[in-house]
Structures are given as C-alpha cells and as structure tokens.
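When reading the values below, keep in mind they use all heavy atoms of this one structure, side chains included, and skip hydrogens, waters and symmetry mates. A, B, ... follow the sequence lines: proteins, then strands. Residue 1 opens every chain.
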There are 4 protein chains.
Amino acid sequence: MQSKTRMIGRDGPSFIEVARRAQIVECAIETIASLGYAQASLNQIAERAGISKSVISYHFAGKDELIDQVLEDVSAAGAALMWPRVQAEETSAGMLRAYIQSHMDFMRTHPRHVAAVSEILLHNRTQFDDGQATPLEERLREGQRDGEFRAFSPRVMAWSIRAALDEVARRFVANPGLGLDDCARELTTLFDLATNRSAAAETQVAHDRSRDCP
Amino acid sequence: MQSKTRMIGRDGPSFIEVARRAQIVECAIETIASLGYAQASLNQIAERAGISKSVISYHFAGKDELIDQVLEDVSAAGAALMWPRVQAEETSAGMLRAYIQSHMDFMRTHPRHVAAVSEILLHNRTQFDDGQATPLEERLREGQRDGEFRAFSPRVMAWSIRAALDEVARRFVANPGLGLDDCARELTTLFDLATNRSAAAETQVAHDRSRDCP
Amino acid sequence: MQSKTRMIGRDGPSFIEVARRAQIVECAIETIASLGYAQASLNQIAERAGISKSVISYHFAGKDELIDQVLEDVSAAGAALMWPRVQAEETSAGMLRAYIQSHMDFMRTHPRHVAAVSEILLHNRTQFDDGQATPLEERLREGQRDGEFRAFSPRVMAWSIRAALDEVARRFVANPGLGLDDCARELTTLFDLATNRSAAAETQVAHDRSRDCP
Amino acid sequence: MQSKTRMIGRDGPSFIEVARRAQIVECAIETIASLGYAQASLNQIAERAGISKSVISYHFAGKDELIDQVLEDVSAAGAALMWPRVQAEETSAGMLRAYIQSHMDFMRTHPRHVAAVSEILLHNRTQFDDGQATPLEERLREGQRDGEFRAFSPRVMAWSIRAALDEVARRFVANPGLGLDDCARELTTLFDLATNRSAAAETQVAHDRSRDCP
DNA sequence: GATGAATGAGTCTTCATTCAT
DNA sequence: TATGAATGAAGACTCATTCAT
C-alpha cells in the first residue's frame with residue numbers, strides 16, 4: 001500500500017496485505033538465495049512471484065524496506081527456533097553446541113532463508129558495528145567468566161563461528177546434497193575443541209614439549 | 001576479443017600490453033577495495049587509472065576477464081608469499097599455523113588486494129566448485145594421514161579456516177585499526193586446537209566424563 | 001465514466017455525491033498549494049482527504065476532471081467575490097481598481113485557492129484560448145469606449161494585469177509575510193497610471209518634448 | 001562525457017563535445033517551449049534530437065545540469081543582447097524602454113528560448129529568493145534616486161514587468177502570429193506611464209479631483 | 001458507494017559494451 | 001594503441017488508472 005497513513009484505525013493490515021507481503025518476502029529470499037544479492041532485482045523477485053514489479057512497490061516503500069523485512073522475518077524465525085534450545089542448556093559448552101546445532105537445523109528447514117540473510121549481511125556491511133558485541137559473543141564471554149572456556153578473544157571466536165555457519169549455509173544452498181548432520185557434528189566438535197579449557201591445557205603441554213625438544 | 005588475435009603473433013603480448021594490463025588490474029583492485037564491488041564500475045576504475053574507459057575494453061575482453069585477472073594475480077601473489085612458508089614447515093600443525101600466519105601477513109602487506117578478492121568472491125559466488133579440493137584441504141588431509149591431525153572432515157575444516165580468514169580480512173578493511181597480530185594468534189590457536197590429535201583425545205575424555213555423571 | 005450514468009437518473013447527483021466531490025476538490029486545492037502541481041499526486045490528495053485513492057477515481061472521471069473542477073470552483077468563488085464589487089463601481093478606473101483590490105482580497109482570504117489555480121494554469125498552459133476575450137479584457141475595452149481609458153491594447157493590458165496578479169499570488173504563497181495591502185496599492189496605482197487618459201496625455205507631452213530637444 | 005575529471009590538460013572540451021551539448025540544449029529548449037516543462041522528459045528531448053536518451057546522460061551529469069545549462073545559455077545570450085542596449089541609454093526611462101524593447105527583440109529572434117526559460121523559472125520556484133534584488137529592480141531603484149521615476153515599490157514593479165514579458169513570451173510561442181512589435185509598444189508605454197514622475201503627478205491630481213466630487 | 005489491490009506506462013539514472021577515428 | 005562518443009539494457013521508483021469485491 002502506497003500511503004503511509006496506513007489506517008490508524010483498529011484493524012491494522014488486512015489479511016491479504018499480510019499474505020502478499022509474506023509472499024513477496026519469500027520470493028525475495030528465494031531469489032537472493034538463488035541468484036545472489038547483486039542479481040536479485042525487483043524484476044527478478046516479481047517474476048518469481050508471478051506478479052508485476054510494481055506490486056512490490058505497492059506493498060513496500062522500496063527495496064530497502066523489503067530487504068529489511070527479509071532480515072527481520074528470518075532473524076525472528078531463527079531466533080525463535082534457536083534461543084530456546086540454547087537457553088535450555090546448562091553449560092556454556094552445551095550452549096555453544098546447541099547454538100551451532102540449532103543453527104544447522106534451522107538451515108535444514110530454511111536453507112534459502114539462511115543463505116539469503118547471509119548474502120544480505122555480507123553486502124550491507126555498512127553497519128559493521130565492530131563496536132557492539134553480538135549475543136553470541138556475550139555468551140562466549142560468559143563461558144569464560146564461568147571458567148568453562150579457555151582464554152580467547154570472544155570477538156574473533158564469534159566471527160569465526162558465524163563465518164563458518166554462513167559458509168556452510170551458502171554451500172548448502174548451492175549443493176543441497178550436502179550432509180548437514182555431518183557438518184553440524186564437524187562444527188560442534190571444531191568449536192568445542194577450540195573453546196574448552198582442558199583441550200587448551202593439554203595442547204599447551206604439547207606445544208611446550210614441542211618447543212623443548214625440536 | 002582482440003587480444004586473441006594479438007596472441008597469434010610470434011612474440012606474445014608486447015611489453016606495453018603487459019604493463020597496461022597490470023596497471024589496470026592494480027587500479028581495479030584499488031577501486032574495488034575502496035568502493036566495494038558494486039560501486040566499482042569500469043568508469044570508476046578507469047578514472048583512478050587516469051585512462052579512458054575504453055582502454056579497459058581494449059585490453060580485456062570484458063569486465064569479467066578483468067575481474068578474473070584480479071583474482072588470478074592476487075591469488076598468485078598470495079600463493080607466492082604463503083606456500084614457501086607453509087612448505088618450509090615440517091609438521092602439519094606447523095604448516096597450518098604458517099598458512100594462517102602468512103595469510104595474515106599477506107593481509108597486512110596487501111590489505112586492499114585481499115579486500116578486493118574478498119569482495120569479488122562474495123559477489124561472484126556462482127562457481128562454487130564443491131567438487132574439487134583446495135590445496136588447503138589437501139594439506140589438512142595429509143596431516144590426517146600422517147596421524148598428526150585428529151579425524152575431521154578436511155572439507156568442512158578448510159571451509160571454516162577460509163571463512164574465518166576472509167571474515168578477518170573484511171573486518172580489517174572496514175577497520176584498519178584491527179590488531180592483525182592478535183587475530184593471527186587467536187586463529188592459529190583456534191585451529192590448532194581444532195585439529196590436533198591430543199586436544200581431541202583429551203576433550204573426548206572430558207565429554208565421556210560429562211556423559212557419565214550429568 | 002460512471003458519473004454520467006448516474007446523472008441520467010431523475011434527481012441528479014445525490015447530496016453525498018456533491019459533498020464528496022467538494023471535499024475532494026478542497027483537498028486537491030490544499031495539496032496543490034502546499035506541494036506544487038508536480039508533487040500533487042492523487043495519492044497525496046487522497047491522503048490529505050483521509051480517503052482512499054480510488055474514491056477520487058470514483059467521483060471523478062480522472063485527474064483531469066478533478067483539476068478542471070478545481071479551476072471551476074475557484075473561479076466561481078473568485079468571481080462571486082469580485083464581480084459584485086467591480087460592478088458596484090461607476091467609473092472604469094474604479095472598476096479596474098476594484099478588480100485588482102478584490103483580487104488581492106480574495107488572495108488574502110483564500111491564499112491556497114489562488115495558489116492552486118496559479119499552479120494549475122502554469123502547468124496546463126495547453127489551452128491558450130487566445131481567440132476569446134476574458135471578462136477583464138472586455139471591461140478594459142469598455143473603459144476605452146467610454147473615453148475614460150487611453151488607447152491601448154486591451155488584450156495586452158489584460159495579460160499584464162493578470163500576470164502581475166498571478167505573480168503576486170505566487171510570491172504570497174511562497175512568502176506569506178508579503179504585505180498584500182502594499183502590493184494592492186502598488187498595482188492599483190500602476191495600472192491606474194497605465195490606463196488612464198490624462199496621465200497618458202501628460203506623458204505624451206513629455207515624450208514629445210524629449211524628442212524635440214534631445 | 002561521464003567522467004568528471006574532464007581533462008585537466010590543456011584542451012578543454014572537444015569541438016564535437018561542445019556541439020553535442022549545444023545541440024542537446026537547443027532540443028531541450030525546443031521541447032520545453034513546445035510541451036511545457038512538466039512534459040519535457042529526457043525521452044522527449046532525445047527524440048527531438050534524434051539521439052538516444054543516454055546520450056544526454058553522457059554529455060550532462062543529469063537532467064538538472066541540462067536545465068541549468070539551458071538557463072545559463074539563454075540568460076547569457078539574452079544579457080548579451082539586452083544590457084548593451086540598456087546601458088546605452090542615458091535616462092532611466094530610456095533604459096526601461098530599452099529593457100522591454102530589447103527583451104521583445106530577443107523574443108522575436110529566440111521565442112522558444114524565452115518561453116523555455118520562463119517555464120523553467122516558473123517550475124523551479126524553489127529559489128524564489130525574495131531577499132535578493134534583480135538587476136532590473138536595481139535599475140528601477142536607481143531611476144527613483146535620480147528623481148526620474150515616481151515613488152513606487154521597485155520590487156513589485158520589477159515583478160510586474162517580468163511577469164508581463166514572460167506572459168507575452170508564452171503567448172508568442174503558443175501563437176507565433178502574435179504581433180511582437182505591437183506588444184513591445186504596448187508594454188513600453190504601459191510601464192513608461194506606470195513609472196514616470198509627471199504622469200503620476202497628473203494622475204494624482206485627477207485622483208484628488210475625483211475624490212473631491214464623486 | 002467505497003476501497004484495497006494490482007498494473008503498465010513512464011521517470012531518471014547507471015553501466016558495460018561497441019565503434020569510428 | 002588509444003579514446004571520445006554513443007548506445008541499449010536494466011536498475012529503482014512514481015503514478016494514474018482499472019477492477020473485483
């Protein structure tokens with residue numbers, strides 16, 4: 001709808017309005033995941049939706065609003081799936097595993113959603129707010145305070161985790177035959193080893209030994 | 001394209017041809033790193049090079065060939081810096097550390113090159129050759145055969161390593177104040193722990209214990 | 001168009017029909033005066049009216065009819081205010097003064113109406129009916145026949161008067177602080193001098209003198 | 001030319017560049033004068049020029065620059081024609097007559113130019129710099145200081161003069177049969193009478209008389 | 001009567017590419 | 001070799017209009 005005065009009345013957006021927006025958002029996701037962010041023009045999106053290009057302009061103020069809606073919808077859905085499972089864990093290591101595992105599960109059920117968001121975030125790196133910590137980073141930091149995680153930079157670790165997950169997401173979209181279960185197991189183990197205290201200690205010993213007698 | 005016609009002459013590309021192509025590639029790198037892939041039009045590149053836009057079309061079959069050349073040149077430069085240092089190591093763990101470390105060193109000395117390639121790969125993720133193993137993956141596999149690395153999927157591990165390195169690269173470009181030394185140390189430790197055999201064993205024990213008495 | 005169909009009923013347009021049309025016309029005036037003709041889309045007009053855009057299409061055959069109605073309504077209102085005062089004058093000079101003065105008064109009481117019409121005429125200067133004389137022109141001609149006005153082209157004089165009034169209207173809309181009383185006095189004097197017989201004679205003398213001994 | 005770096009070297013714009021720009025500016029004038037500002041799209045302009053729409057984008061940074069160029073070119077041409085003739089006059093009244101007369105002469109030789117500028121100025125009334133005095137206003141004020149002109153608001157008078165001239169310009173474009181000589185004579189007389197001191201005095205007398213015995 | 005929804009034509013702009021010189 | 005000039009396709013966006021409900 002073009003007017004921004006969108007009924008201050010009681011009803012809010014109509015059913016069909018909601019449905020259309022959802023459909024367009026879905027098609028945008030589909031398109032971005034398939035063609036990449038750069039190739040995902042309104043034309044392409046409209047074509048996939050089987051609608052005229054201007055229908056998008058009717059339901060969204062502009063491409064930006066559409067993209068924002070994609071981010072919002074997918075993030076909300078992802079968070080709804082993931083955080084309960086993360087919070088249900090008692091240990092920090094468990095939480096990290098749950099984070100990765102649920103991320104992969106979400107990816108399995110919504111592969112193109114994850115890929116699309118990944119594409120969007122990668123291309124809109126304006127808001128690279130290096131200043132602010134992500135929830136994941138916070139959780140890692142907490143795990144360190146608890147003494148469960150070894151000493152590492154939570155920021156770099158969070159970057160690495162997200163980068164690995166996003167990479168898998170894109171690979172999965174390009175190649176749906178990819179075994180997500182295997183990937184999940186690999187990544188949980190990888191970052192388990194990378195974060196837990198005892199492994200670090202042991203490796204430190206190994207390092208020391210290797211330095212002692214080269 | 002014209003260059004092919006030129007190639008059939010007896011002496012290959014002339015000196016000036018080579019120089020021009022190199023100059024253009026450099027300017028392309030500069031432009032992409034500065035403005036991002038999307039804003040790096042031939043116009044912008046030509047402007048930075050102080051040449052006419054059509055010079056690019058003259059020396060390259062099209063924008064695609066230019067971009068490919070950028071990838072090729074930077075990859076070659078990177079490989080030339082990195083692989084000697086990697087090969088000089090005797091242990092697989094050392095090689096992995098050298099891989100990460102030299103990658104960061106290359107990033108420090110050629111930040112814009114790395115940024116440009118990163119941008120390009122991000123936008124042209126069409127050709128996801130999942131079939132073929134990268135050199136890094138091969139090295140990881142070798143480390144497993146040697147018994148130095150634990151059992152993991154070399155492919156997923158390679159993906160994770162590259163993803164982490166590229167992420168740091170992008171962060172570094174966006175924020176040159178980023179401490180590359182710290183990142184290098186973080187990542188080498190991270191993937192050291194993630195790959196080495198003893199850490200895995202120890203962690204496995206820890207896991208078992210945690211399963212025994214929850 | 002639908003309204004024609006409706007008209008063939010026995011009682012003409014219903015009360016609600018008339019009211020709606022009037023409301024829409026008012027909002028159109030408001031919008032055009034505020035945003036300018038170019039920015040006054042049906043969307044904007046409907047928004048200000050608090051109605052749906054298609055209501056306009058329902059009550060008017062198209063934007064053109066709406067615009068025509070605006071012109072008609074404002075002209076009628078203006079004429080209703082002005083002509084009685086003009087006709088009340090006995091001399092032609094008095095009539096001209098009354099014309100200008102009442103025009104400015106109308107401008108003061110209906111600034112946005114005048115501005116809207118001004119905008120519309122500016123953008124739709126297709127139908128320049130140069131053939132037909134305006135009422136103002138007729139009055140000027142009459143003043144000449146009475147011997148009260150000097151000899152001049154009533155057409156060009158009428159153009160000049162209207163142009164000056166419209167110019168002041170636009171200035172007033174752009175800058176409501178403009179002193180309309182001052183403008184009214186200036187313009188009445190200006191065109192008084194420009195039309196009256198005695199001033200012309202005197203000036204003619206001056207001209208002749210200046211030609212005699214340059 | 002798209003690049004803004006336009007050769008800092010010695011040559012400046014090439015001959016063909018200058019010619020093309022001039023041609024496009026002429027066609028823009030033609031189009032605006034014929035269709036009105038609102039209908040003068042780049043498409044229309046390009047069509048009249050017999051060139052592709054993007055040629056305009058090549059030679060001008062955007063529509064704005066084209067419009068600005070139109071204003072600049074026409075203003076320069078007009079000023080070059082008018083001001084020498086205006087300055088050549090010794091009396092203020094002579095200058096005003098020369099201003100109007102030369103304006104009409106320019107209109108005769110460049111009718112569409114004048115009409116186009118008039119259209120542009122009317123539509124871009126953003127810069128309605130009511131604060132700043134135009135050269136014409138300054139001249140009028142000077143004439144008052146000299147004691148040659150009666151007391152009037154130079155601003156309102158300048159508005160009226162320009163409005164009348166622009167009105168005639170538009171009428172002339174719409175109807176080329178219009179007798180410009182007659183118009184020129186009419187307007188010079190009109191504003192002569194409206195400004196000169198003696199006419200005002202005489203009229204004042206008439207006014208007084210009419211007030212005495214109405 | 002009224003309206004949300006949809007649409008196609010049209011706006012300006014950017015860009016890679018081609019061509020004659 | 002080099003380049004100024006030109007072009008067509010595609011980009012996002014606006015808008016008056018139409019239609020089913």
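- Using a 30° and 60° split on the angle between ring planes, C/His123 and C/Tyr37 fall in the parallel class, below 30°.
- Distance, A/Gln44 CD to F/dA10 P: 10 Å, rounded to whole Å.
- Regarding contacts with the backbone of F/dG4, every side-chain N or O of D/Arg20 stays at 4.0 angstrom or more from both OP1 and OP2.
- What separates NE2 of C/His59 from C1' of F/dT17 is a distance of 16 Å, to the nearest Å.
- In this structure, of F/dT3, E/dT7, F/dA6, it is E/dT7 that holds the atom nearest to the side chain of A/Ile51.
- Partner of A/Ile45 under the side-chain contact (heavy atoms from CB on, under 4.5 Å) criterion, out of A/Leu35, A/Val25, A/Thr31: A/Thr31 alone.
- Distances from the side chain of D/Ser52 to the nucleotides F/dT7, E/dG4, F/dG11 place F/dT7 closest.
- Two residues are said to be in side-chain contact when any heavy atoms from C-beta on lie closer than 4.5 Å; D/Leu121 and D/Leu71 meet this criterion.
- Remark: A/Tyr58 is in phosphate contact with E/dA5, judged by side-chain N or O atoms under 4.0 Å from OP1 or OP2.
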>> Set out, in order, the CA-CA distance, both residues' side-chain angles and the distance that settles side chain to side chain contact (heavy atoms under 4.5 Å, CB included) for D/Asp73 and D/Glu26, then state yes or no.
In response: CA-CA 10 Å; D/Asp73 284 12; D/Glu26 281 304 313; over 6 Å; no

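- Nucleotide F/dT1 holds its P atom 14 Å from the CD atom of B/Gln23, rounded to whole Å.
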Where do N or O atoms of nucleotides 18-20 of chain F meet protein N or O atoms at under 3.5 Å, pair by pair?
none

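- No contact: B/Ile56 has no heavy atom under 4.0 Å from any strand.
- Atom CG in D/Leu42 sits roughly 16 Å away from atom P in F/dG8 (whole-Å rounding).
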>> Show me the dot-bracket string of DNA chain F, counting Watson-Crick or G-U pairs under 3.5 Å, with | for pairs to another strand and [ ] for crossing ones.
In response: .||||||||||||||||||||

